[in-house]
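Encoded as structure tokens, the structure appears first; notes follow it.
Below, chains carry the letters A, B, ... as their sequence lines are ordered, and counting in each starts from 1.
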Protein chains: 2
Amino acid sequence: MAQKDYSIKTETLARFAKALGHPARITIMKYLAQRTECYCGDIQEELPIAQSTVSQHLKELKDAGLIQGEIQTPKVRYCINRENWDYACQLFDDFFGTQLCNKGDKGCCES
Amino acid sequence: MAQKDYSIKTETLARFAKALGHPARITIMKYLAQRTECYCGDIQEELPIAQSTVSQHLKELKDAGLIQGEIQTPKVRYCINRENWDYACQLFDDFFGTQLCNKGDKGCCES
DNA sequence: ATTATTTATCGTATCTTTGCGATGAATTTT
DNA sequence: AAAATTCATCGCAAAGATACGATAAATAAT
């Protein structure tokens, strides 16, 4: 036990990763990225799961800060939360790119 | 229900994201990336959790294909699985970069 | 031979996730 | 006013994740 806790960056990255750790939520994010119109109902039609389950996944993405919803009754317009998304993008970039994705380097198990 | 299933790429990306969805596992990957020597015991000293729990996290990373272990009794040498890691890197790049991280574009909720 | 070291696995407890149908809230349409 | 639309939430069940200590397995050291 070298450290009592994980760093904030590590916690945040893990949180984003966890939010993306389900195919339904990946699909939702991809869908939201492709349109300017993004109502909840449209998302449901893209997914092989019940409406209530979609709503839960949307809630998780919202709780993770990756999307936001704007009520336009009776519909709800969802979209990517740019600020947090860009931060997630940056954290993943740091993680993969700078730290691990140096393709020129040899891995520790490669001789 | 437009489609019965998710695409393989989507499933794979979600699987990688899920594996990274815990601060202990993020810490492990960062640690492995920084050294050429990477024995199991060293990893445990970096984490604020019990040995058996670390072993479980290592197993999950291994199951997801992100790392691999080589027995050098009595120790076990762990390292990043380059092939799969690079693929994960690419999938995340596509997801963030091409699809969502176009910072010049306006989001659908930004006026 | 016995003991120590290192790691995986087992058993267990608790919490979280994933999923569904049913219901409720807030409108809009008829 | 009544019915339909849209979405969130509740209640529930099943499965998975997270954590721990104890134990096993496989060697190395004494």
Side-chain angles (χ1 to χ4, degrees), chain A residues 1-6 10-11 13-29 31-32 37-64 66-79 109, chain B residues 1-6 10-11 13-29 31-32 37-64 66-79 109:
Chain A
M1 291 199 203
Q3 54 206 28
K4 275 222 152 59
D5 266 322
Y6 304 104
T10 295
E11 294 267 14
L13 180 54
R15 189 176 161 77
F16 285 139
K18 191 175 185 179
L20 296 174
H22 192 287
R25 296 196 289 269
I26 293 285
T27 304
I28 290 170
M29 294 308 294
Y31 186 83
L32 289 184
E37 290 289 311
C38 36
Y39 292 99
C40 184
D42 302 329
I43 296 169
Q44 285 167 25
E45 285 173 10
E46 291 296 305
L47 297 172
I49 51 181
Q51 178 264 324
S52 59
T53 308
V54 174
S55 220
Q56 264 180 250
H57 284 302
L58 287 169
K59 181 167 161 31
E60 277 179 65
L61 289 170
K62 204 160 49 176
D63 288 348
L66 294 177
I67 65 173
Q68 60 202 47
E70 183 192 336
I71 298 170
Q72 293 182 357
T73 37
K75 295 190 174 185
V76 174
R77 180 182 175 130
Y78 274 102
C79 58
C109 285
Chain B
M1 293 198 202
Q3 54 206 27
K4 275 223 153 60
D5 267 321
Y6 304 105
T10 295
E11 295 267 15
L13 179 55
R15 188 175 161 79
F16 284 140
K18 191 175 185 179
L20 296 174
H22 192 287
R25 296 195 289 269
I26 293 284
T27 305
I28 291 170
M29 295 308 294
Y31 186 82
L32 289 184
E37 290 290 308
C38 37
Y39 292 98
C40 184
D42 303 329
I43 296 169
Q44 285 167 25
E45 286 172 10
E46 292 295 307
L47 298 172
I49 51 181
Q51 178 265 323
S52 58
T53 309
V54 173
S55 219
Q56 262 180 251
H57 284 302
L58 287 169
K59 182 167 162 29
E60 277 179 65
L61 288 170
K62 205 161 50 176
D63 288 349
L66 293 177
I67 65 173
Q68 59 201 48
E70 182 191 336
I71 297 170
Q72 294 183 357
T73 38
K75 296 189 172 186
V76 175
R77 180 183 176 130
Y78 274 102
C79 60
C109 284

Going by salt bridge (charged side-chain N to carboxylate O under 4.0 Å, His left out), name the pairs with one or both residues in residues 55-64 of chain A, residues two or more places apart or in two chains. A/R25-A/E60, A/K59-A/D63

In whole Å, what is the span from the [atom1] atom of [X] to the [atom2] atom of [N]?
X: B/E60; N: C/dT9; atom1: CD; atom2: P; answer: 13 Å
X: B/I49; N: C/dT7; atom1: CD1; atom2: P; answer: 15 Å
X: A/H22; N: D/dA15; atom1: NE2; atom2: P; answer: 15 Å
X: B/I71; N: D/dA28; atom1: CD1; atom2: P; answer: 13 Å
X: B/E70; N: D/dA26; atom1: CD; atom2: C1'; answer: 16 Å

Kindly indicate whether the side chain of [X], heavy atoms from C-beta on, has any atom under 4.5 Å from the side chain of [Y].
X: A/I28; Y: A/L47; result: yes
X: A/I43; Y: A/H57; result: no
X: B/Q68; Y: B/C79; result: yes

side-chain hydrogen bond (donor to acceptor under 3.5 Å, both in side chains) against A/Y31, all qualifying residues, sequence neighbours excluded: none

Phosphate-side-chain proximity, B/K18 and D/dG16, N/O vs OP1/OP2 below 4.0 Å: no

Report yes if a side-chain nitrogen or oxygen of B/H57 is closer than 4.0 Å to either non-bridging phosphate oxygen (OP1 or OP2) of D/dA17; otherwise report no. no

Where do A/L61 and A/A19 come nearest, in terms of heavy atoms and distance? CD2-O, 3.8 Å

Along nucleotides 5-13 of chain D, 5' to 3', which nucleotides get a B, which get an S, and which get a -, given that the test is a protein heavy-atom distance under 4.0 Å? -SBBB----

Starting the side chain at C-beta, find the nucleotide from D/dA26, C/dA26, C/dG21 nearest to A/A50. C/dG21

